Asks: 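Below you'll find the structure I mean.
In this text the structure is predicted, and so the values were computed from the model without any measurement. Residue numbers start from 1 in every chain, and the chains themselves are labelled A, B, ... in the order their sequence lines are given, proteins ahead of strands.
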Number of protein chains: 2
Amino acid sequence: MSHDPPTFRHSLNDAKADNVLERLFRCARLLNDEGTRRVAEQTDAPVLRAAHMNLMPHIDLEGTRLTVLAQRLGVTKQAASQLVVDLEKIGVLQREPDPDDGRAKRVVFTDQGRNGLLEGLAILRGLEAELRAEIGDSDIDHLNQVLVKILAFING
Amino acid sequence: MSHDPPTFRHSLNDAKADNVLERLFRCARLLNDEGTRRVAEQTDAPVLRAAHMNLMPHIDLEGTRLTVLAQRLGVTKQAASQLVVDLEKIGVLQREPDPDDGRAKRVVFTDQGRNGLLEGLAILRGLEAELRAEIGDSDIDHLNQVLVKILAFING
DNA sequence: GAAAATAGTAAAGCAAGCTTGACTAAATTT
DNA sequence: AAATTTAGTCAAGCTTGCTTTACTATTTTC
């Protein structure tokens, strides 16, 4: 299994969260479900699983060494390598030699991979647009501001 | 692996989400991490993994049949059963005969299990209290209202 | 009351997502 | 230039979280 940490989306019955955090978790989960559903629907992107998706945000634009990826993911080089191999096979990533170090390689997005990612983000923005149309700009903007504050608190 | 659906928390670099949904996902994830960290710290609860946690919110107060649990989880009875066995072993759940059907059993929380869950929720409320102290009641209340609207939209 | 459906259990198997251990090649240290 | 460290690969093995197949014990249907 993926050794995921436990997730805390519990009231005694899931359906009606009754405090802010549960509601936040539930909301994020449902929107994420909807987003990934749409991505899966539009792009007939194949075998991308959670582990692969988790890898991608750790790849910098200039490319990132495998060892660094592994560190960022908190797994061994071998584990990270396997994911990169998968993504390489379907043309999302490629490895190129690191000009600064003959032992090392840089993992970078292919154009196709980057475009796929941007497409996914566009779908996400589409979902946001629907939300704005339904809920109203002012509420969404306010939500955004509060989230910024919360993130600042968590990181600070 | 756990066959988790992919998760969509991507900008090209994870650290700075730049739209509401990404921010929402990131926020939920970080708060969930912190919540589970605290739960793990306080209660020396043992081997509870994500699969077990996911099971719990589907158990009704009157008890729930295994088949129903399996349906709600979208897995086979055997898969659900294994989780229940685990939770039974550590005293969180128990099976009792279903009075209405001699074949069936009802999966219910033990007192210990229910208390543990309530304790977890209390920790979550503690985290919310900290957030309120830091961010301010009005923002958190507003956040809550917007989340309610969003959930209504998703479900409606 | 015999036949079919349903609730649950038991056991084996499989893929995902890791790990550990053993290795090569290039870089760094001494 | 020899010794050590570092970047990455290869292969085998483990646990988790499922599945499929096979079974027993009740209940429902006819």
Asks: Between Asn115(B) and Asp111(B), is there a donor-acceptor pair closer than 3.5 Å when you use the side chain of the first and the backbone of the second?
Replies: yes
Asks: Under 4.0 Å, counting only non-hydrogen atoms across every strand here, what does Arg95(B) touch: a base, just sugar-phosphate, or nothing?
Replies: sugar-phosphate
Asks: Rounded to whole angstroms, how far apart are CG on Leu73(A) and P on dC18(C)?
Replies: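 Value for this atom pair: 8 Å.
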Asks: Can any side-chain N or O of Arg23(A) pair as donor or acceptor with the backbone N or O of Leu147(B) at less than 3.5 Å?
Replies: no
Asks: Which pair of non-hydrogen atoms, one from Leu124(A) and one from Gly35(A), has the smallest distance, and what is that distance?
Replies: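 Leu124(A) and Gly35(A) have their closest heavy atoms at CD1-CA, 4.4 Å.
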Asks: For dG17(D), take OP1 and OP2 only and decide whether either is under 4.0 Å from a side-chain N or O of Arg49(B).
Replies: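 So the side chain of Arg49(B) is within the cut-off, an N or O lying under 4.0 Å from OP1 or OP2 of dG17(D).
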Asks: Give the rounded distance in Å between these two atoms: CD of Glu96(A) and P of dG8(D).
Replies: 13 Å
Asks: Please state how far atom NE2 in His52(A) lies from atom P in dA16(C), giving the value in whole angstrom units.
Replies: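 Answer to the nearest Å: 9 Å.
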Asks: Using heavy atoms to find the nearest nucleotide of DNA chain C for Leu83(A) and Arg65(B) separately, return the residue whose nucleotide is more 5′.
Replies: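 Checking each residue's closest nucleotide, the 5'-ward one belongs to Arg65(B).
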Asks: Measure from CG on Leu69(A) to C1' on dC18(C) and round the result to the nearest Å.
Replies: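 Going from CG in Leu69(A) over to C1' in dC18(C) covers 16 Å.
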Asks: Nucleotide by nucleotide, 5' to 3', does protein get under 4.0 Å of the base (B), only the sugar-phosphate (S), or neither (-) in nucleotides 19-30 of chain C, counting heavy atoms?
Replies: BBB----BS---
Asks: Applying side chain to side chain donor-acceptor pair (under 3.5 Å), name anything that partners Glu88(A), two or more places apart in sequence or on another chain.
Replies: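 Glu88(A) satisfies side chain to side chain donor-acceptor pair (under 3.5 Å) with Arg95(A) only.
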Asks: So which atom in Leu151(A) and which in Cys27(B) form the shortest heavy-atom distance, rounded to 0.1 Å?
Replies: CD2-CA, 3.9 Å
Asks: Can you tell me the distance, in whole Å, between the CD atom of Gln82(A) and the P atom of dG13(D)?
Replies: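 My rounded result for the distance is 17 Å.
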Asks: To the nearest Å, how far apart are Glu88(A) CD and dG8(D) P?
Replies: 13 Å
Asks: Starting at CG of Asp98(A) and ending at P of dT6(D), how long is that distance when rounded to a whole Å?
Replies: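 Those two atoms, CG and P, are 16 Å apart.
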Asks: Under 4.0 Å between a side-chain N/O of Ser81(A) and OP1 or OP2 of dG8(D), yes or no?
Replies: no
Asks: Separation of Leu66(B) atom CG from dT6(C) atom P, in whole Å?
Replies: 16 Å
Asks: Cut-off 3.5 Å, side chains only: do Asp86(B) and Gln82(B) have a donor facing an acceptor?
Replies: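 Side chains of Asp86(B) and Gln82(B): pair found under 3.5 Å.
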Asks: Give a yes/no on whether any side-chain N or O of Thr67(A) is located under 4.0 angstrom from OP1 or OP2 of dG8(D).
Replies: yes
Asks: When you measure from the side chain of Thr64(A) to the backbone N and O of Leu69(A), does any donor-acceptor pair fall under 3.5 Å?
Replies: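 No, because the side chain of Thr64(A) does not come within donor-acceptor range (under 3.5 Å) of the backbone of Leu69(A).
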